[in-house]
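Here is the structure we will look at.
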Amino acid sequence: MDVVTNLEKIKRNISEACGRSNRRSDELTIIGVTKYVTIERTVEAIEAGIENIGENRNEGFLEKYSEIGTKAKWHFIGSLQSRKVKDIIDKIDVLHSLDRLSLAKEINKRASNQVDCFIQVNVSGEESKHGLAPEEVMPFIENLTTYEKVHIIGLMTMAPHIDDEEKIRSVFRRLAELRDSIQSKNYDHAPCSFLSMGMSNDYEIAIEEGATHIRIGSNLVGN
């Protein structure tokens with residue numbers, strides 16, 4: 001199925017999820033995750049109206065960036081090794097996977113301008129997932145005050161890939177509660193307004209629980 005048709009269906013689902021949760025569709029940013037598809041398919045997504053593109057590997061990102069450049073807003077959503085920061089940091093618009101001080105230090109050293117970052121939180125506690133434990137997030141943010149290039153715009157998480165809707169919902173709800181507690185501190189370097197959560201299999205639940213950025217790959221561009 002073509003990207004335009006897929007996007008129309010996703011937008012209908014978003015509208016319905018927003019209706020159920022008294023939200024507006026324009027509060028949502030759709031990130032088209034293109035890590036498994038070609039440059040051509042990525043261009044098709046951009047031409048269909050996807051302005052935000054997500055990649056999770058340095059090599060895949062740099063390959064697409066060399067062809068597409070600033071025709072998209074680039075979100076790096078995968079785990080980022082500190083030694084590879086220098087290759088991508090001035091090319092991406094948003095990092096979704098800040099999870100350690102060594103990475104923040106390298107961003108601060110290498111970036112030409114302030115970088116919008118989501119802190120990755122492992123709410124579910126799964127060993128297979130990256131990210132800080134929820135109780136580590138507030139101390140981590142307080143340790144970032146001296147890194148003037150690191151701007152914390154929100155929190156990111158991934159829910160377990162399971163059929164138990166209530167468990168998925170509880171993960172998203174916990175992230176929203178954590179975001180609210182950080183916002184209440186009024187940190188200059190960490191306004192923490194946004195929630196990056198929800199993928200192809202669970203984005204409607206994420207919207208109902210307050211997601212502002214949803215990361216959709218297979219349902220949009222296929223595999």
Side-chain angles (χ1 to χ4, degrees), residues 3-15 17-18 23-58 60-65 67-80 88-89 91-99 115-121 129-131 151-159 161 168 171-172 175-176 179 192-223:
V3 176
V4 171
T5 304
N6 291 343
L7 183 57
E8 286 172 355
K9 181 179 179 182
I10 290 164
K11 285 183 173 179
R12 285 196 302 273
N13 291 341
I14 288 172
S15 180
C18 285
R23 300 185 64 196
R24 300 193 319 272
S25 297
D26 61 9
E27 296 174 20
L28 270 291
T29 297
I30 302 171
I31 300 165
V33 179
T34 56
K35 61 184 178 179
Y36 294 126
V37 299
T38 62
I39 292 170
E40 291 73 24
R41 189 69 161 169
T42 304
V43 170
E44 188 182 340
I46 293 167
E47 290 175 347
I50 294 293
E51 299 173 0
N52 297 271
I53 298 293
E55 281 287 324
N56 77 329
R57 292 185 307 111
N58 292 50
F61 162 70
L62 290 169
E63 182 183 1
K64 290 187 173 81
Y65 185 88
E67 294 289 328
I68 295 167
T70 57
K71 292 175 185 172
K73 187 173 183 179
W74 294 96
H75 297 248
F76 196 86
I77 61 176
S79 181
L80 179 59
I88 71 160
I89 204 63
K91 298 179 177 72
I92 64 172
D93 296 280
V94 187
L95 175 69
H96 288 244
S97 52
L98 181 62
D99 61 357
V115 180
D116 286 342
C117 299
F118 287 89
I119 293 174
Q120 184 166 353
V121 188
K129 288 184 167 58
H130 293 277
H151 185 231
I152 303 303
I153 62 169
L155 305 178
M156 182 273 255
T157 201
M158 289 179 280
H161 199 85
I168 295 169
V171 166
F172 295 149
L175 194 75
R179 186 273 314 270
C192 209
S193 306
F194 302 124
L195 293 171
S196 172
M197 58 190 199
M199 300 189 291
S200 285
N201 58 306
D202 56 19
Y203 68 90
E204 291 176 69
I205 301 170
I207 291 167
E208 291 171 5
E209 295 300 332
T212 61
H213 294 64
I214 54 175
R215 310 180 304 272
I216 303 184
S218 56
N219 280 20
L220 178 68
V221 294
N223 289 319

Name all residues meeting the salt bridge (Lys or Arg N to Asp or Glu O under 4.0 Å) criterion together with [X]; count only those two or more places apart in sequence or in a different chain, and write none if there are none.
X     : value
Glu55 : Lys64
Lys35 : none
Glu51 : none

For His75, ring-ring contact (aromatic ring centres under 6.0 Å, His included) partners two or more places apart: His96
Set of ring-ring contact (aromatic ring centres under 6.0 Å, His included) partners for Phe172, sequence neighbours left out: none
Measuring from [X]:[atom1] to [Y]:[atom2], what's the distance to the nearest 0.5 Å?
X      : Y     : atom1 : atom2 : value
Lys129 : Asp99 : NZ    : CG    : 14.5 Å
Glu204 : Asn13 : CD    : CG    : 4.0 Å
Leu98  : Ser79 : CG    : OG    : 10.5 Å
Ile46  : Lys71 : CD1   : NZ    : 8.0 Å
Ser97  : Asn56 : OG    : CG    : 9.0 Å
Glu44  : Leu7  : CD    : CG    : 11.0 Å

Residues Thr70, Tyr65; criterion side chain to side chain contact (heavy atoms under 4.5 Å, CB included); working and verdict: CA-CA 8 Å; Thr70 57; Tyr65 185 88; 4.2 Å; yes
Step-by-step side chain to side chain contact (heavy atoms under 4.5 Å, CB included) determination, Ser25 to Ser15: CA-CA 6 Å; Ser25 297; Ser15 180; 4.1 Å; yes
Do [X] and [Y] have side chains that approach each other closer than 4.5 Å (heavy atoms only, starting at C-beta)?
X      : Y      : answer
Met158 : Gln120 : yes
Glu209 : Val171 : no
Ile88  : Leu80  : yes
Leu28  : Arg23  : yes
Ile30  : Tyr203 : no
Asp93  : Asn52  : no

Let me have the donor-acceptor pairs involving side chains of residues 214-223, under 3.5 Å, with sequence neighbours excluded, atom names and distances please.
unit_1	atom_1	unit_2	atom_2	d
Arg215	NH1	Ser196	O	2.9
Arg215	NH1	Ser196	OG	2.9
Arg215	NH2	Thr157	O	3.1
Ser218	OG	Ser200	OG	3.4
Asn219	ND2	Ser200	O	3.3

Shortest non-hydrogen separation from [X] to [Y] and the atoms involved:
X      : Y      : answer
Leu95  : Ile92  : CB-CD1, 4.1 Å
Arg179 : Phe194 : CG-O, 4.1 Å
Gly210 : Met197 : C-CE, 4.1 Å
Ala206 : Gly198 : CB-CA, 3.5 Å
Ile77  : Met156 : O-CE, 3.9 Å
Ala72  : Ile53  : CB-CG1, 3.7 Å

Worked verdict on Lys91 versus Leu62 for side chain to side chain contact (heavy atoms under 4.5 Å, CB included): CA-CA 9 Å; Lys91 298 179 177 72; Leu62 290 169; 3.9 Å; yes
Lys/Arg-Asp/Glu bridge criterion (N-O < 4.0 Å) met for Glu8, Lys11: no
Residues Thr34, Arg41; criterion side chain to side chain contact (heavy atoms under 4.5 Å, CB included); working and verdict: CA-CA 8 Å; Thr34 56; Arg41 189 69 161 169; over 6 Å; no
NE2/His151: more than 12 non-hydrogen atoms of other groups inside 6.0 Å: yes
